[in-house]
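Just so it is clear, the structure is predicted and the values come from calculations on it, not from any experiment. Protein chains get the first letters and strands the later ones, always in sequence-line order, with residue 1 at the start of each.
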Amino acid sequence: MITATTTESIITPRVIASPSSWIEGEAIRQLEQTARLPGMRAAVGLPDLHPGKGYPIGAVFLSERIYPALVGNDIGCGMALWQTELTARRFKPERAAERLQGLEGPWDGDLDAWRADWNLEPTPFDSALGTIGGGNHFAELQVIEKVLDETALAALELEPERLCLLVHSGSRGLGESILRAQVNQWGHAGLAPDSPEAEDYCARHDQALRWAEANRALIAARLLDALGTEAEQRLAVWHNGVEPVDWHGERLWLHRKGAAPADRGPLVIPGSRGSLSYLVAPTGDGETSLRSLAHGAGRKWKRGEARARLSGRQRPEDLAVTALGGQVICEDKELLYDEAPESYKGIERVIGDLVAAGLCHPIATLCPVLTYKVRKAEHQRPGRARQTERRRR
DNA sequence: ATGTAC
């Protein structure tokens, strides 16, 4: 007997982007392919849609089943915004840059207390709590560049003269281990909700969400501590994950794969480190966009492609300051090129497409002042003593 | 994306 518990009809994915917005063919193919998975009910590509490893990034999927492989390894990856005590007027990026050291290593604070605060069980990956990681992850100080909705900004308790801190990171090795265990046992198959394996995955997934959120908070705390200042968190969202939703009275599973939630109030959609980020308020009923928004500008060039394209015309030192005047700390050459502003699409187009589709309205723009990616360990770079020695000769 | 896989 065949039990028809899943919908067999093929759904047609939608792409929310103006015809003039360039989207890679491979990303569309991945979107269509993913939309054919059993139990898929809706699939939407957002304006930052680009190819990922098997599944597209910048997309959202509504399904009868749970697809861990679609969520990917960085479960809980997301953005959090703080308002710092620093004022834009008095901030000295070069001085601040000098003080930001050693954020890559394990935190030497009270890990037990931190885990207790965030309701986290110990994991084998906790030495990475409070570390940014690689790829597109960063911690960035930003100045509010232009206020477009004063009332909304005030409601968020964001004062225009104070610097913001935006942190983008995820669940590091923990999320990766959860996905790996999942794929080893079940492959890429969708899990039936209420099955033991689904419950097991969801429990681990939710733990990774909390871990990632705690990670962003600890990254912020360490960075603020290094700068000798304080801050209050204003916004927090994750853009990689799956959650049950009531969809017109039916219980379905909403997968966000590089897609920000549009059902939890205002959020930041960051551009590259060389462009503005947008603080936006979601608008509309969430029907056409599956309650989601773009999570960033979207990659234009694949990882590893940027160095070959840019190294001829830009030296590493040229990439240390962006066109908008922001300082960049990234002592990893490959990453420095991979995450160069040119590797990303223009954020203005992405926001424009979302606004045109009636999905959000801008509250303010944020301009990067100091972007922290990675420092090498102290022993890997020329120390003060050696530099002094050289100068004497 | 990943205290990565080869």
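One atom, CD of E176(A), and another, P of dT4(B), lie 8 Å apart when rounded to the nearest Å. In this entry the distance linking CG of D74(A) with P of dT2(B) reads 6 Å, nearest Å. Atom-to-atom, NE2 of H295(A) to P of dA1(B) comes out at 7 Å; the value is rounded to the nearest Å. For the pair D332(A) CG and dT2(B) P, the interatomic distance rounds to 12 Å; values are reported in whole Å. Computed from coordinates, the I75(A) CD1 to dA1(B) P distance equals 15 Å when rounded to whole Å. Computed from coordinates, the Y55(A) OH to dA1(B) P distance equals 18 Å when rounded to whole Å. Rounded to a whole Å, the CG atom of L335(A) is 9 Å from the P atom of dA1(B). What separates CD1 of I57(A) from P of dT2(B) is a distance of 12 Å, to the nearest Å.
Each of R180(A) and E339(A) has a nearest nucleotide on DNA chain B; the 5'-most of these lies closest to E339(A).
Residue pairs satisfying the salt bridge (charged side-chain N to carboxylate O under 4.0 Å, His left out) criterion with at least one member in residues 159-173 of chain A, sequence neighbours excluded, are listed as follows: E159(A)-R162(A).
Ion pairing of E243(A) with R256(A) is present here, as a side-chain N (NZ or NE/NH1/NH2) and a carboxylate O approach within less than 4.0 Å. For R234(A) and E232(A), the salt-bridge test passes: some basic side-chain N is under 4.0 Å from an acidic carboxylate O.
Among the protein residues, P124(A) comes within range of the nucleic acid bases, having at least one heavy atom under 4.0 Å from a base atom. Counting non-hydrogen atoms under 4.0 angstrom, G52(A) reaches nothing in the nucleic acid. G133(A) comes within 4.0 angstrom of sugar-phosphate atoms only, judged by non-hydrogen atoms across all strands, and of no base. Within 4.0 Å of G173(A), counting heavy atoms only, lie sugar-phosphate atoms of the nucleic acid but no base atom. At a threshold of 4.0 angstrom between heavy atoms, the contacts of G170(A) with the nucleic acid are absent.
Figure legend: R309(A) and W301(A) shown as a cation-pi pair, the cationic atom lying under 6.0 angstrom from the six-membered ring centre and within 45 degrees of its axis.
Aromatic ring centres of W114(A) and W107(A) lie closer together than 6.0 Å.
Checking the phosphate oxygens (OP1, OP2) of dA1(B), no side-chain nitrogen or oxygen of R172(A) falls inside 4.0 Å.
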